[in-house]
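Values reported hereafter were calculated over all heavy atoms of this structure, with side chains retained and with hydrogens, waters and symmetry mates removed. We count ligands from 1, going down the list as the structure has it; atoms in each ligand are counted the same way. Because the structure is a prediction, the values reported are computed rather than measured.
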Amino acid sequence: MSYETIAVNPIGPVIGAEIGRVDLSQPLGNQAFQEIHDALLEHQVVFFRDQEMTLEEHKAFGRRFGELHIHPAAPSPDGHPEILTIHADENSKRAQGARWHTDVSCDEEPPMGSILHLHRVPSPGGDTMFSSMYAAYDALSEEMKTFLAGLKAWHSSEHVHKGRYGHMGKLRDGDDTYPKALQPIVRTHPVTGRKALYVNCAFTTHIEGLKKTESDAILHMLYAHIDTPEFHCRFDWRDNSVAFWDNRCTQHRALWDYFPQTRHGFRVTVKGDRPF
Ligand code: SIN
């Protein structure tokens with residue numbers, strides 16, 4: 001793929017590229033928008049350095065890619081329900097996103113992408129790892145692909161969000177119901193048409209139709225497979241870096257190896273389609 005307005009430098013052979021020559025605080029022209037969109041499809045996660053964005057500019061950048069998603073349970077800065085605060089410091093008992101996951105896969109229509117802008121990062125530490133679910137799917141045997149085709153798994157949020165965010169009386173939908181959804185184990189990316197694994201150890205609870213022992217064994221095998229380093233890239237944050245990942249074909253985990261230092265920023269999440 002060739003790019004005219006932006007510079008795209010892969011950070012690994014399988015997944016991840018750094019994008020230069022763009023200021024995300026400014027309205028994106030159609031050509032720059034299309035090239036960032038194409039780079040995201042090609043590299044699955046893209047990174048930007050030295051971006052100063054207000055919350056409004058961050059939301060405006062996200063809205064170029066679609067309607068913004070509102071998280072069912074996570075806290076937001078006042079007046080910005082579409083923004084999720086990412087924060088850990090010396091008082092934290094846990095850090096968000098520390099296990100492999102794709103965002104909010106418990107929603108029937110999970111987000112297509114997430115855009116994380118970290119304003120303050122620890123040094124050293126605090127990297128985010130990304131795993132390509134295309135590469136994970138492609139590396140399975142033909143027999144395992146055939147076995148998984150057509151299987152679905154439940155993704156639930158109560159066990160993830162209740163302990164982390166407390167039960168504050170009202171969730172996003174106002175009726176106090178933690179979202180859960182039945183998702184295909186192998187999904188087809190709606191734009192690229194490529195197949196990707198779609199189970200993760202944070203939200204996925206069991207495979208529909210299998211006995212618990214069978215489901216646990218298959219899921220544990222897939223989680224170990226997703227952890228294969230050859231499917232990964234790792235982003236070394238600096239203050240004011242941005243990561244934009246495609247939730248339809250990646251998973252990520254944020255490393256909490258920097259306690260008691262502070263890591264702080266905001267995430268905007270773009271709505272997606274029902275997986276098929
Ligand atoms: C997340 O899961 O959105 C958090 C990722 C990170 O903090 O690097």
Side-chain angles (χ1 to χ4, degrees), residues 11 15-16 18 40 44-49 51 53 55 58-59 61-62 65 68-77 80-89 92-107 110-133 155 157 159-161 163-165 172 179 198-204 223 226-227 232-272:
I11 68 164
I15 176 173
E18 203 164 303
L40 179 68
Q44 307 155 60
V45 52
V46 290
F47 307 104
F48 306 83
R49 297 288 189 191
Q51 301 290 330
M53 278 192 292
L55 296 183
H58 190 171
K59 288 195 286 189
F61 176 59
F65 294 84
L68 300 185
H69 172 273
I70 296 181
H71 194 278
S76 314
H80 298 279
E82 317 88 338
I83 294 200
L84 191 155
T85 304
I86 297 286
H87 184 91
D89 63 21
S92 299
K93 301 274 183 292
R94 57 174 68 84
Q96 291 132 299
R99 301 173 70 198
W100 282 115
H101 67 288
T102 184
D103 292 323
V104 209
S105 60
C106 53
D107 268 6
M112 66 74 78
S114 303
I115 304 164
L116 178 59
H117 184 204
L118 288 187
H119 296 226
R120 180 169 166 195
V121 301
S123 180
D127 291 0
T128 307
M129 296 174 67
F130 294 88
S131 184
S132 167
M133 294 303 101
H155 294 233
S157 57
H159 64 285
V160 184
H161 292 149
R164 182 171 311 155
Y165 300 123
R172 173 189 56 196
Y198 199 66
V199 288
N200 66 84
C201 63
F203 291 105
T204 311
Y223 299 154
I226 285 160
D227 209 18
H232 299 172
C233 72
R234 182 165 166 155
F235 187 56
D236 172 19
W237 293 88
R238 298 198 294 258
D239 289 356
N240 291 319
S241 299
V242 171
F244 185 178
W245 57 88
D246 186 337
N247 280 305
R248 301 164 296 188
C249 56
T250 63
Q251 291 194 29
H252 56 281
R253 58 176 292 196
L255 303 184
W256 194 28
D257 53 1
Y258 51 87
F259 182 86
Q261 295 183 78
T262 297
R263 185 175 183 271
H264 178 81
F266 299 104
R267 193 183 91 192
V268 156
T269 312
V270 182
K271 283 186 177 181

Trp100 CH2 to Tyr223 OH distance, which is reported to the nearest 0.5 Å: 14.0 Å
Taking only residues two or more places apart in sequence or in another chain, which ones pass ring-ring contact (aromatic ring centres under 6.0 Å, His included) with His155? Tyr198
So CG of Leu55 and CD of Glu82: to nearest 0.5 Å the spacing works out to 10.0 Å
For ligand 1, what is the set of protein residues having any non-hydrogen atom at a distance below 4.0 Å? Ile86, Gly97, His101, Asp103, Leu116, Thr128, Trp245, His252, Ala254, Arg263, Arg267
Can you tell me which residue among Arg253, Gln96, His252, Gln251 is in a side chain to side chain donor-acceptor pair (under 3.5 Å) with His101? His252
Ring centres under 6.0 angstrom apart (Phe48, His117): no
Roughly how far apart are Phe244 CZ and Leu116 CG, rounded to 0.5 Å? 12.0 Å
